[in-house]
Structures are given as C-alpha cells and as structure tokens.
Amino acid sequence: MLQVLYIFIPMLAAIFVPFLYKSIKNIHTGWFVLAVPATLAIIYASYIPKVADGEVFLEELPWIPSLDISVVSYIDGLSLLFSLLITGIGSLVVLYSIFYLDKHKEKLHNFYVYLLLFMTAMLGVVQSDHLITLYFFWELTSISSFLLIGYWYNRDASRLGALKSMMITVGGGLMMLGGFILLYLMGETYSIRELIVMAPNLVQDPLFTWSLVLILLGAFTKSAQFPFYIWLPDAMEAPTPVSAYLHSATMVKAGIYLVARFTPIFAVSELWIWLVTGVGILTLFWGSFFAVKQTDLKGILAFSTVSQLGLIMSLLGASAVAFHGNGATDSIKFAAFAAIFHLINHATFKGSLFMIAGIVDHETGTRDIRKLGGLMSIMPLSFTVAAIGSLSMAGLPPFNGFLSKEMFLTAMLALQNFEFFGFDTWGALFPIIAWVASIFTFIYSFYFVFRTFTGKYTPEKLPHKPHEAPIGMLISPMILAALVVTIFFIPNFVGDTFVKPAVQAIQPFLYDSPKDIDIHVSAWHGITPELLMTIGIVIIGVLLFVALPKWQSIYEKFPRALTLNNAYDKIMLGLDVGLNRVSRLYMTGSMRHYLLYMFSSIAAIVIGSLFVKDAFTVSFQDTAPIRPYEIILVVVLVIGTSITILAKSRLTAIIGLGAVGYTVALFFVIFNAPDLALTQLVIETISVALFLLAFYHLPKLGKREERMRFQLNRAIVSIAVGVMVTLVALSAQSQKLIPSISKYYEETVYSEAGGGNIVNVILVDYRGFDTLFEITVLAIAGMAILAMIKLRMNRKEKSHENK
C-alpha cells in the first residue's frame, strides 16, 4: 500500500499548502513544500540497489473493480529513473523557487498547489502499469501544467501559452486513449506488462497499426515533436522554476517515457521504427535550426529542448532495430543506452541553464539577448554554471553531454548499415541530418552563453543594475552543473546504477538482467568517424558562430504565413468564428426553442432506436384489468392538465396542477404503494403552497387577451414525445430481457442494507450516489445564490459609500 501511497503524497500535501501560506506568513511556503520531493527522493533512492540487480516492485490498489480499473504502481529500472528525476529535480526546483518567487508579491499557495499536483501526476504516469490510470495521470499532467504555465494569468501571453499547451497535449492524450482502448481490445488486458508478453501475437491484429499511430500521437504532442512543438516556446511565459521543472526534466519527458515503455510492444513494426526515428531526427534539426533565431534566453532554451527531445526520440527509434536480429542487436543495442544516458544528461545541463536564464532575468530585468552582454565579470558564478551547461549541451568534453552525443552519432551511423526496412538507402540521411543539427546545436549553445556574458556591457539597455544572484538562488544550478562534470568522469557508475536497469526494461527480450548489458562508456575510442564528425562540428560551428551577425538575418526571410504557429492561430480563429456562427443559429435565448431542440432530439433517437433495433412490441398478457375508477382518475388527470395549460388565472392553474399531483398520489394508493403516495402528497402540498406564495408577489395577468397561433412544428414535437413515452411504456411492459431489479431490492433491503422501508433504502443506499449528486447540485446552486446576494450587497455598500 505504501508504494501506491508515495504517488499521492504530493497531492495530499497540497491540501495543507493554502493553510500554511495564510497562517505562517513570515516563512516562505516553499520551505514546507521542499520536504515533500526531498523525502520522496530519499524513499525512491532506497530502491536503487535492488532495482540495479534486476528486481521489480509491484503494488495494486483497486479503484473501480467492476471495470477492472486499479492504481498499479510498477517500479522497475525505467520508472525508478523517472521517479528519481521527478523528485530529485523537483527538490532543486522548489529550493530555487524559494529565492526566485517573492513571498510578499506572489500567490505562493496557488503555485505550490499546482506544482505538487503536477508532481503526483508525473509519478502516476511513470509508475502506472494500468492503461486507464496511466491516461488519467497523463491528462492530469496537462491540467496541472496548464495551471502552472498560466500562473501569471493577468498576462495575455501566459494565458494564451497555457491554452495552446493544453489544447495540443490534451488532444494528443485523447488520441493516445484511443490507442490504449485498441490495445485492450487486442490483448484483453489493461496491464502493460502482460501486453509486452503478448507483443509477438498482437502484431498480427488489424488494430495494431491504428493503436501504434494513436499512441505515438500522444507521445509526440507531449514531448513537443514536430509538428506539435509549437506549444513549448509559448509555455516559456511560465515562471522560470516551472520551465526548469516541466520543460527540461519532467513533462516533456513524459512522451519519451511513453515511447520507451511501449517499445517492447511496437518495436516489431517497421512503421514504429521509421516514425519514431524519423520524427525524432526531423525535430532535432528543426529545433536546433530555429533556436539560433531566438532573442529571448528562454526562447533559445525552449527550441533547444525541442531539439534535444528529438535526439532522444530518434535514439529510442533506433533502439527498436535491435529487436529484429539480423546482426542488428550487436551494432545498435547501445542506442537505448544512449537515449537514457542523454535523458539524464539533458535533465542536468538544461535544468541548470533554465535556472541561469531566470537568474539573468531576475537580476537584470530582461531576457532579451540583444540587450545583454558583458555580464561575466558582474555575475561570475552564473557565468561559470552557464558555461558548463552550454558546453555540455554543445557536446564538448569534459562534460556529460559529450559522451551521450558521441553515442548518438554512432547510432545514426549504424542505421545506414541495415538492409531491412530500407535503412540501407534512406538510412544514409540520418547521420547527415544528425551532423548538421549538431552544428546548429553547437551554435545556439555558444550563442546562449557568450552573447549573454561576454561582449560589450550596455547598462543603459537594462531595466535594473545587474549583480550576482543570492547564493540561495545559485545552489540548485550549481548542484546540477557539478553533476554535469561529475557524470563525465564516472559514466559507468551512472550507467550501471541507473541506465542499465532502464535499458533492460526497454529491451526485456534482449536482456534478462541489467548485468547482462555489456556496454562500457569511455571518452576516448581512438580516431573514429564519430570523432571526425565532432571535430567538423566544432570547426564549422565556431566559424558560423563568429559570422552569426552576417547570416542570422536569413530567418527574417521566412514568411510568418507559412509557419506552424500561424496555422494554429488560423485554425483556432476559424473554429472560434465558425462555432460562434453555428451556436448563434440555435442559441436564440428562447426557452421554448431549447425545449423544442431537446424534445425533438430525444423523441427521434428513442423512437428510431426502438424500430431500428426491432425493440417495439405490444403484449397485453399478464396485465391487470382496467377498473372503472381508474378510468375516472385518468379523466381527472387529463382535465387537470388541460386546466393548467389553458387557465387564464394563476390561481386556477395552480389548482389544476395540484389536482394532477393528488390524482397521481391516488394511483399510488390503488397500486399498493403507500410510501410513494405519502411522499407524493407531501411534495404536492409543499409545491402548491410555494407556488401560491411566489405567485402572490407577481403582478396580475393582463386583461388583454392574445390568441395563440397554432404552430405545426410544436404540435408535431408534442405528439412525438407523447408517442415516445407511450411506446417505451408499452415495450417495457411487453418484453422483459432481464429480470426486474425490484425483486433484488425486496430480497436484500433488510439483509444487505439493514433497512425496513424499501423506498428510503433505495434512495439512501442503492441510489446513494444519485441522491448525493442531487444534494451536491443543490449545494452548488445555494452557494451561487449566496455569492450573488453578497455581490449585490457589496455593490449597494460601495454605492452608499460613494454617495
């Protein structure tokens, strides 16, 4: 139970954050929140020794047993690595936010509630072994990230960025849900582990390809792959701690996790390999090329994140080749290792760079790289961290990014050697694109650090006088920068402890244990094609960086009309205008029109279904005879209803309505339902009294009579509704597909529910949720009425004060 509980600890802690924020104002709320991810990081770290030996941990908490839905926490090498990133980087981000967000100016209770909610969502995503609960947590990440990105909701850019991220990621999530449902239909299980075992048989199913594509749509939208990346740069309007957490180490990595987790299922498909590798390499190039265009520090990092995510995605696609044998296993097996290794490296150097971008913005008042420069002597510690992170991102030694970048180039070179799936032809493009993209990666890395910290210092362009950040704000990026350097010198410790268990989870058919993975990481392999490619990257990268002012203007030649952002804006505007036009056709403000739409739709659907399904039958067998007094009561009902409709006086209409209600109560008495009769009498009496009380205060009806015109469409709908109710009643009486539930109520009302009054028990126990929701609706309506009354009172008080 504890293993599942760990997932929900952040969400449970979020309940207390608003109370801490309001009651303890002299201490930054972040100090209390910091204990949550830090404690969880220590807990998950205790799993490392056993998971490194190949052990897995599984725990299940039933959620909706009738639908076979449970919260299943599955901790293996892959989920443990992501859990450590979520909690470890989360701890550093919370520490950073304590010094970044002013406790007097910011609504910290909102910020930390959203952050903790997101943390639970991410832990749920990476640990869920159940498809439906994985989807639940997946969409929870979209909702919580929407709240975090739009944290400064008074800014238009924040609101629009939050909306764009949610529209794209939630849309992809719905596609992914479709893929999950198709997987369930193929394997008849929601368990990912069980589906992996069935993988060789699933590929023969005609639904397999559809499931593959739909799941990849979910992964690509969440991990900002081309062409869905456009939400990520706009999400940079979020506070920097959010960018450092969501957009470097966690949320954007959810799509990477999804592809890694489902690789054992779909790797047998050629389409999977081409889509994952192809989209990844295209995203790598696209993000790196357009990162050089940006002038906002976080904008540069946003496009660099897109680029790096594409790199990891392409490696995961290449790793799927190893499932096909044919000599591929030995030459490409390290691709999964490289993907996970670079995922760790990226979290360290990109997290530190986002924090430095926030520090520069915090201390200078701007992130515009055109106004910055010469800050190295003023902010030496920030420059050192930025240099370490940037050089690692550029793929230079002695930093961890160099090691995984070399492995990436090796994997891309190896792809062109495979004769199956067409890699021996089109596969030649992968190393070329990878090399060109790496050149632009080198350029934007240098562009970020040297244009900010070197060059001419222009204090007149800066909103604030710059100075070094407080040490508290520097601790987190300095820790991450230290990891960047440390990992370079101990790559095999990181590989054996964290990477290999994750690789074994990705490639379970190739390795029985993490110890079976015989991959050794080293910085020097002699004079290899990868080394020559790196030398070429450095030489050309330096030349292009030096000449950047001469060619950077080429980005201005790209017409905005052809951009993906413009396409998104056009689609959203078109939907807004088009749907508004459609809604104006039926949203007339007339209650009669709305009732007309509803009743006509219900009648058409029900009557059509009865006849299409051949469900309408009439049988008078086993029916009781109609007695004379029942006919009299029916006549009274008709007369009462007619009086209610045609009355020219409100009092007469109320009397007619009351007669209808009391006549129904008499029917209950005749049919031996005294409880219902009593309930009906009480409700009818109260209703009539309330109507009389309300109508007493209304103005009298006018004496001028208006003759109502006959309207054929309303007559048709009225007749259709009457026919529908009659047909349903006759059909329900004439055919019984299943036994009536009343017998079950009768047998269990005392033994199971412990009640003697069957009506009360049905309302309170058997239909308890129905009653609860009715009460909830009334409570919400009451709160809304109370809010309106208070608003009106406040306006009156303000009006009185103004006078």
**Prompt:** CG/Leu216 to CG/Leu258 distance, rounded to the nearest 0.5 angstrom?
**Reply:** 8.0 Å
**Asked** Any side-chain heavy atom of Leu147 sitting closer than 4.5 Å to one from Phe118?
**Response** no
Using the test side-chain hydrogen bond (donor to acceptor under 3.5 Å, both in side chains), find all partners of [X] that sit at least two apart in sequence or belong to another chain.
{"X": "Arg155", "answer": "none"}
{"X": "Tyr568", "answer": "none"}
{"X": "Thr87", "answer": "none"}

Quick one: side chains of residues 232-243, donor-acceptor pairs under 3.5 Å with protein atoms, not counting sequence neighbours, listed by atom name and distance.
unit_1, atom_1, unit_2, atom_2, d
Asp234, OD2, Lys164, NZ, 2.7
Thr240, OG1, Tyr100, OH, 3.2
Ser243, OG, Lys298, NZ, 3.1

**Ring centres under 6.0 angstrom apart (Phe290, Phe440)** = no
**Asked** Do Phe488 and Phe399 have ring centroids that are under 6.0 Å from one another?
**Response** no
**Results of ring-ring contact (aromatic ring centres under 6.0 Å, His included) for Phe408 - residues two or more places apart only** = none
Can you give me every donor-acceptor pair (side chain of residues 450-463, partner residue at least two apart or in another chain, under 3.5 Å) with its distance?
unit_1, atom_1, unit_2, atom_2, d
Thr452, OG1, Phe448, O, 2.6
Thr454, OG1, Phe450, O, 2.4
Thr458, OG1, Lys371, O, 3.2

**His467 versus Glu363, side-chain donor and acceptor atoms under 3.5 Å** = yes
**Request:** Return yes if some donor-acceptor pair links the side-chain N/O of Ser223 with the main-chain N/O of Phe220 below 3.5 Å, else return no.
**Result:** no
